[in-house]
Amino acid sequence: MPPRHLADLDPEARRAAVKELGLPEFRAKQLSTHYFGRLVRDVAEMTDLPAAAREKIGADLLPHLLTPVRELSCDDGATRKALWRLHDNALVESVLMGYPDRVTACVSSQAGCGMACPFCATGQAGLTRNLSTAEIVDQVVYLAGVAASGAVAGSPPRLSRVVFMGMGEPLANYPRVIAAVRRLTSPAPDGLGLSQRHITVSTVGLVPAMRKLADEDLSVTLALSLHAPDDDLRDELVPVNQRWKVAEVLDAAWEYAARTGRRVSIEYAMIRDVNDQPWRADLLGRLLAGKLAHVNLIPLNPTPGSRWDASPKPVEREFVRRLRAAGVSTTVRDTRGQEIDGACGQLAASSVDGAEAR
Ligand code: SAH
C-alpha cells in the first residue's frame with residue numbers, strides 16, 4: 001500500500017493527524033479546503049501555510065501518489081485519458097468525459113483486475129493490487145481540477161459524476177471504495193460534495209458485497225455487468241458467474257433497488273454472434289420486465305488479440321427493439337475514447353506503457 005494521504009482520512013482522523021504533527025487543529029480544515037474545495041493537490045501551492053508546516057504536511061499527509069506518465073485526448077478534447085504510475089510502479093488509468101450538460105470521471109479502483117472477463121483488456125492482465133482510498137480519490141480530484149481549468153471545451157467546468165468503470169472490480173476492494181465514495185460525496189470542505197446519485201459503482205456481481213452495499217445507506221447508482229441472460233454463456237463471459245448465477249445476482253440487484261429506490265443499470269456489451277441473438281434479447285426482457293432497471297448496451301470495444309467483435313448496427317437495433325417491446329428501458333452507450341484506448345474495457349495500462357517504451 002502507498003503512504004497515507006489526507007484523502008484516506010475522515011475529518012476526525014485528519015484533525016488527529018495534524019495534532020500529531022504538532023500543528024494546531026484548524027490546519028486540518030485548511031488543508032481540506034485546499035484539497036477538496038480548491039482542488040489543490042500540491043502542498044507547495046498552499047502558500048498560506050507556514051513553510052515549516054508545509055514541509056511536515058507534505059511528507060506526512062500529502063505525498064504524491066500519482067505520477068503522470070502521459071495524458072491523451074480525443075473526441076475534439078471532450079475525452080481525456082491519464083496514465084499514472086503509482087509508488088510501487090503499478091500503472092492505472094483514469095478517463096474524463098465532457099458532455100454539454102455534465103463532466104464525468106471514470107476511475108480505477110484496482111491496478112489490474114482479478115475477474116478475468118475474456119473480452120476486457122484489464123481482465124487479461126490479472127490483478128496487481130487494490131488501490132488505496134486516496135489513490136482513488138486523487139484521480140477524481142485531479143480530473144475535477146482539469147475540468148475546472150476549462151480544458152473540456154463545451155462542457156461545464158464542474159465535475160459532476162464519477163463512475164467506477166475504469167480498471168478493477170470496485171466491490172473486490174470494498175472498504176476502500178466505500179471510503180472513497182464518502183470522501184467524494186461529503187460536503188466541501190470535508191469532501192468533494194458530489195451527489196451520491198451521481199456516483200456509479202459497477203460490478204461483475206459479487207453478491208455478498210452487493211448486499212452489503214445495500215446496507216450502507218448510500219444512494220449511489222449500482223451498475224451490474226450482466227452481458228448474458230443465461231448461465232451457460234455468462235459462465236464464460238463473466239467467470240464469477242460460476243460462483244453467483246444470473247438469478248442470484250439479479251435478486252441482489254432487485255434488493256439493492258428496493259432498499260435504495262435507485263434504478264439498477266444493467267450493462268450489456270453487444271458481442272457479435274455471441275450474446276446478441278433475438279432470443280437472448282427476449283430472455284433478458286423477461287428477466288427485467290417490471291423491475292427497477294435500465295439496460296445500457298455497450299458496443300463491444302474489441303481488445304487486442306480478441307476473437308470478438310461488436311454487433312452490427314441492425315442486430316443492435318433489433319436487440320433494443322425487443323427489450324423496449326418487453327417494457328424495459330434501454331439505451332446504447334456512446335463510445336468515447338476509442339482512439340486513445342480509453343473506451344470501456346480497453347484500459348490496460350501495462351501494454352500502453354510498453355508500447356511507449358519501445
Ligand atoms: N469490474 C467492473 C467495472 C469495470 S468495467 C465491472 O465489470 O462492472 C466497466 C464496464 O465495461 C463493465 O460493464 C465491463 O463489462 C465493460 N467492458 C469491459 N470490457 C469491455 C469491452 N471490451 N467492450 C465494452 N465493454 C467492456
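This chain uses plain numbering: 1 for the first residue, then up along the sequence. Here the structure is a predicted model, which means the values were calculated and not measured. Every number for a ligand or one of its atoms is a count from 1 in the order of the listing.
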Next on the checklist: How close do A134 and H5 get, counting heavy atoms only, and between which atoms?
Outcome noted: CB-CB, 3.5 Å
Run the salt-bridge test on [X] and [Y] with the 4.0 Å N-O cut-off and return the result as yes or no.
X    : Y    : value
R321 : E318 : yes
D8   : R183 : no
D341 : K81  : no
R182 : D10  : no
D215 : R259 : yes

Proximal ligand 1 atoms for [X], defined as those under 4.0 Å from one of its heavy atoms:
X    : value
F164 : 3 (C)
N301 : 21 (C), 22 (N), 23 (N), 24 (C)
I298 : 24 (C), 25 (N)
C120 : 18 (C), 19 (N)
T203 : 6 (C), 8 (O)
G166 : 4 (C)

Item to check | Residue of the set R263, E267, R262 for which side-chain hydrogen bond (donor to acceptor under 3.5 Å, both in side chains) holds with S265 | outcome: E267
Tell me the protein heavy atom at minimum distance from [atom], and give that distance in Å.
atom                    : value
atom 5 (S) of ligand 1  : M165 O, 3.8 Å
atom 18 (C) of ligand 1 : G345 CA, 3.4 Å
atom 21 (C) of ligand 1 : C344 O, 3.3 Å

Checklist entry - Where the side chain of T33 meets the backbone of L31, is there a donor-acceptor pair that is under 3.5 Å apart? => result no
Checklist entry - Got a donor-acceptor contact below 3.5 angstrom from the S94 side chain to the C106 backbone? => result no
Checklist outcome for this item: Note: heavy atom closest to atom 8 (O) of ligand 1, options G114, A310, G168, S225, belongs to S225
Next on the checklist: Measuring from atom 14 (C) of ligand 1, which candidate in H227, E267, R333 has the nearest non-hydrogen atom?
Outcome noted: H227
Item to check | Structural part of L224 in contact with ligand 1, heavy atom criterion under 4.0 angstrom | outcome: neither
Next on the checklist: I need the contact type for L300 against ligand 1. Using non-hydrogen atoms and a strict under-4.0 Å cut-off, is it side chain, backbone, both or neither?
Outcome noted: both
Checklist entry - Quick check: does F119 get an N/O under 3.5 Å from an N/O on ligand 1? => result yes
